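Here is the structure we will look at, set down as structure tokens.
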Amino acid sequence: MAARGQGGVIFFDIQDRTGRFQLFARKNDLGDALFAVAKEIERGDLVGAGGFVFRTKTGELSLYVRTLEVLGKSLRPLPDKWSGLQDLEKRYRRRYVDLIVNPHVRDVMFLRSKIVAEMRRFIDARGFSEVETPTLLNVAGGATARPFMTHSNALDIPLTLRIATELNLKRLIVGGMERVYEIGRTFRNEGIDATHNPEFTMLELYAAYWDVNDMMRFNEELVAHLARTVHGGETVIRGEDAISFATPFRRIGYLEAFERFAGIEREQLLDAEAAQRLLHDYGIPPSPTHAHALDKLFERIVEPELLQPTFVYGYPVLLSPLAKRMKDDPELTERYELFAAHMELSNAFTELNDPDDQRRRFELQMLERAAGDEEVPPPDWDFVTALEYGMPPTAGIGIGVDRLVMMLTDNASIRDVLLFPLQRPLPPERDADEDDAESP
RNA sequence: GCCGGCGGAGCUCGAGCGGCAGAGCGGCAGCCCUUUAAGCUGCAACGUGCGGGUUCGAGCCCCGCCGCCGGCACCA
């Protein structure tokens, strides 16, 4: 809200979620009383006005004000109208001010809203049902990550916040719901940086009688559709790079990628000791586990090559405790990850539906956990029981919604696509300003 | 968790070598009946993140703490 006085005439710029508009208030036509009200109005106030639309001398469409009312008074000064609010910390801590004065922030947040809505529309149109599964769990599984712990007073038991929705959604597949998804908050008690917030939003989706190839097609159509929705085309500008989400996306095998980009062969990766030697060759510190070593190598060797959207498929089974093995190559799984701009956008696989295999993999994980890897979740034996009732062949996918929004809106930090990114609280403090603001 | 950078008025920023802490915007009063970051005149208020130290004297140097950002580690 800006006001420009001109003697007996005042111009106001008013703003709402749809944009800006100019008001024109003239003393001779308003009368002294109303004009006095107009003169009291300052930047940041909320106003209601009535009148008729006209064009000013300079041709700007404006409201010729006949009635005017202050709907809400702003007691605190807004940041500078020209430079706005730059201070990152203040922008995150007082997002409401950021939203008032930095239109770009509002645009991104509305765009996020639109992306998620469009995601739902696309998925619903293909016969899926959105469900809600518990956030509070006895055992948090379905991923490797340290959970947040909490406690139920009523039951007097420890609870953990979920680190994935995977196991419960697959229980629903066992239950015959066939096509389900959840867009929900997930919590991981780990580091915070430009791509990690302790709570983040994931889409997880499961389709009975699909395999990983069906999911790949679904995945690329969904992402291409969202890119079109946001940009009107399939090309997304991200920093210096132009990324084309035109289908089909590039596909490359997990092992083939290492071979092509670094001449590394299958045995060097799938053998634990050979993989450790590779780490050493690349100057990467030794890894506690074989799986960890492969992740580090992938990050160093393959990820830098993945600018345009690329499906990397056929992950080793040792990285994929919940994925089904390939029929003709049981050391690998029917799993892919989608990368774009060197960032992982989704993770999908044909789900393991063999309860005995699942039980053995959980037992293996128990050993890793006993060996001190706190990120390995305790086994969820009831999930094995569920599989024993029979799960149809099923494909599942997880998409990090925040990162997808980052990708589509050209934001480098996850904080810039979250309304209220987590910030450490400041020590309690009362300033004189605050006392004044609260007195009548 | 480790390393580095940063922290000054409501906002955006100046302040050589340690020497009276400033400007613009905003606020207040006034002028101005078509402005576009309105303009002009005048006025006032408020400030070095917190706590110590060195010094005749600290926004500046030293120590500790807090917060944010970036990098590393961890992860998605």
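Everything numeric in this text was worked out from a predicted model, so none of it was measured. Computed from heavy atoms alone, side chains included, the values below leave out hydrogens, waters and symmetry copies. In what follows, chains carry the letters A, B, and so on, assigned in the order in which the sequence lines appear, proteins first and then strands, with residues in each chain numbered from 1.
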Taking for each residue the nucleotide of RNA chain B with the nearest heavy atom, is it Gln22(A) or Leu85(A) whose nucleotide lies nearer the 5' end? Leu85(A)

Please write out the pairs of protein N or O atoms and N or O atoms of nucleotides 3-6 of chain B separated by less than 3.5 Å, giving the distance to one decimal.
none

Tell me if the CD atom of Glu363(A) is crowded by more than 12 foreign heavy atoms within 6.0 Å. yes

Side-chain donor/acceptor of Glu60(A) to base of rU35(B), under 3.5 Å: no

Nearest-Å distance, CZ (Phe12(A)) to P (rU34(B))? 15 Å

Ionic contact status for Glu234(A) with Arg228(A), cut-off 4.0 Å: yes

Contiguous pairing runs of three or more, Watson-Crick or G-U under 3.5 Å, that involve RNA chain B: B:1-7 with B:66-72, B:10-13 with B:22-25, B:27-31 with B:39-43, B:49-53 with B:61-65

Tyr282(A) ring centre to Arg300(A) NZ or CZ under 6.0 Å, with the angle to the axis within 45°? no

Table please: side-chain donor-acceptor pairs of residues 339-346 of chain A below 3.5 Å, with sequence neighbours left out.
unit_1	atom_1	unit_2	atom_2	d
His342(A)	ND1	Glu303(A)	O	3.0
His342(A)	ND1	Pro304(A)	O	3.3
Ser346(A)	OG	Asn219(A)	OD1	2.8

Does Gly84(A) reach a base, just sugar-phosphate, or nothing at all? Heavy atoms under 4.0 Å. sugar-phosphate

Measure from the side chain of His292(A), starting at C-beta and using heavy atoms only, and say which of rC74(B), rU34(B), rA76(B) lies closest. rC74(B)

Base, sugar-phosphate, or nothing for Asn197(A), non-hydrogen atoms under 4.0 angstrom? base

Crowded around Lys73(A) NZ? As in, over 12 foreign heavy atoms under 6.0 Å? yes

Quote, to the nearest angstrom, the P distance that separates rC50(B) from rG59(B). 12 Å

Mind checking the P distance from rA21(B) to rG4(B)? Whole angstroms is fine. 32 Å

Residue pairs passing the ring-ring contact (aromatic ring centres under 6.0 Å, His included) test where at least one lies in residues 41-90 of chain A, sequence neighbours excluded: Phe24(A)-Phe54(A), Phe24(A)-Tyr64(A), Phe52(A)-Tyr64(A), Phe54(A)-Tyr64(A)

Is the closest basic N to carboxylate O distance between Arg43(A) and Asp13(A) below 4.0 Å? no

Using the P atom as the reference point in each nucleotide, state the distance between rG16(B) and rC61(B) in Å, no decimals. 11 Å

Taking syn as within 90° of 0 and anti otherwise, name the glycosidic form of rG10(B). anti

Test Arg106(A) against every option in Ile100(A), Leu99(A), Asp98(A) by the side chain to side chain contact (heavy atoms under 4.5 Å, CB included) rule and name the one that passes. Leu99(A)

Ring centres under 6.0 Å, that's the criterion: do Phe349(A) and Tyr315(A) meet it? no

Between the protein and nucleotides 68-71 of chain B, which nitrogen or oxygen pairs come in under 3.5 angstrom?
unit_1	atom_1	unit_2	atom_2	d
rC68(B)	OP1	Arg424(A)	N	2.7
rC68(B)	O4'	Glu89(A)	OE1	2.9
rC69(B)	OP1	Arg415(A)	NE	2.9
rG70(B)	OP2	Arg415(A)	NH1	3.1
rG70(B)	OP2	Arg415(A)	NH2	3.0

Please confirm whether Arg95(A) makes a cation-pi placement over Phe420(A), using NZ or CZ under 6.0 Å from the six-membered ring centre and within 45° of the ring normal. no

If we take the C1' atom in both rC68(B) and rC28(B), what is their distance in whole Å? 34 Å

Among the candidates rA37(B), rU35(B), rC11(B), find the nucleotide nearest to the side-chain atoms of Thr56(A). rU35(B)

Taking the six-membered ring for Trp, are the ring centroids of Phe128(A) and Trp210(A) within less than 6.0 Å of each other? yes

Could Lys114(A) and Glu118(A) be called an ion pair, given the rule that one side-chain N must be under 4.0 Å from one carboxylate O? no

Which whole number of Å gives the distance between the C1' atom of rG1(B) and that of rG18(B)? 37 Å

For rC74(B), take OP1 and OP2 only and decide whether either is under 4.0 Å from a side-chain N or O of Lys296(A). yes

Give every pair of a protein N or O atom and an N or O atom of nucleotides 38-47 of chain B that lie under 3.5 Å apart, one pair per line with the distance.
unit_1	atom_1	unit_2	atom_2	d
rA38(B)	OP1	Lys81(A)	NZ	2.4
rA38(B)	OP2	Arg4(A)	NH1	3.3
rA38(B)	N7	Gly5(A)	O	2.9
rA38(B)	N6	Gly5(A)	O	2.6
rA38(B)	N1	Gln6(A)	NE2	3.0

When you measure from the centre of the six-membered ring of Phe122(A), is the NZ or CZ of Arg126(A) under 6.0 Å away and within 45° of the axis? yes

Taking the inter-plane angle between the rings of Phe311(A) and Tyr336(A) on a 0 to 90° scale, is it parallel (under 30°), tilted (30 to 60°) or perpendicular (over 60°)? perpendicular

Tell me which of Phe54(A) and Ala145(A) sits closer to the 5' end of RNA chain B, going by the nucleotide each one is nearest to. Phe54(A)

Roughly, in whole Å, what's the span from CG in Asp87(A) to P in rU48(B)? 16 Å

Decide yes or no, distance alone: a donor-acceptor N/O pair under 3.5 angstrom between the base of rU34(B) and the side-chain of Thr58(A). no

Using a 4.0 Å heavy-atom cut-off, does Gly400(A) contact any base of the nucleic acid, only the sugar-phosphate backbone, or nothing at all? nothing

Sidechain-backbone polar pair: Thr229(A) side chain, His225(A) backbone, donor-acceptor under 3.5 Å: yes

For Phe187(A) and rC74(B), give me the distance from atom CZ to atom C1', rounded to whole Å. 20 Å

For Ser62(A), which contact category applies under a 4.0 Å heavy-atom criterion: base, sugar-phosphate, or nothing? nothing

Using the C1' atom as the point on both nucleotides, what is the distance between rC65(B) and rG24(B), in whole Å? 34 Å

Could you state the atom-to-atom distance from CZ of Phe24(A) to P of rU35(B) in whole Å? 10 Å

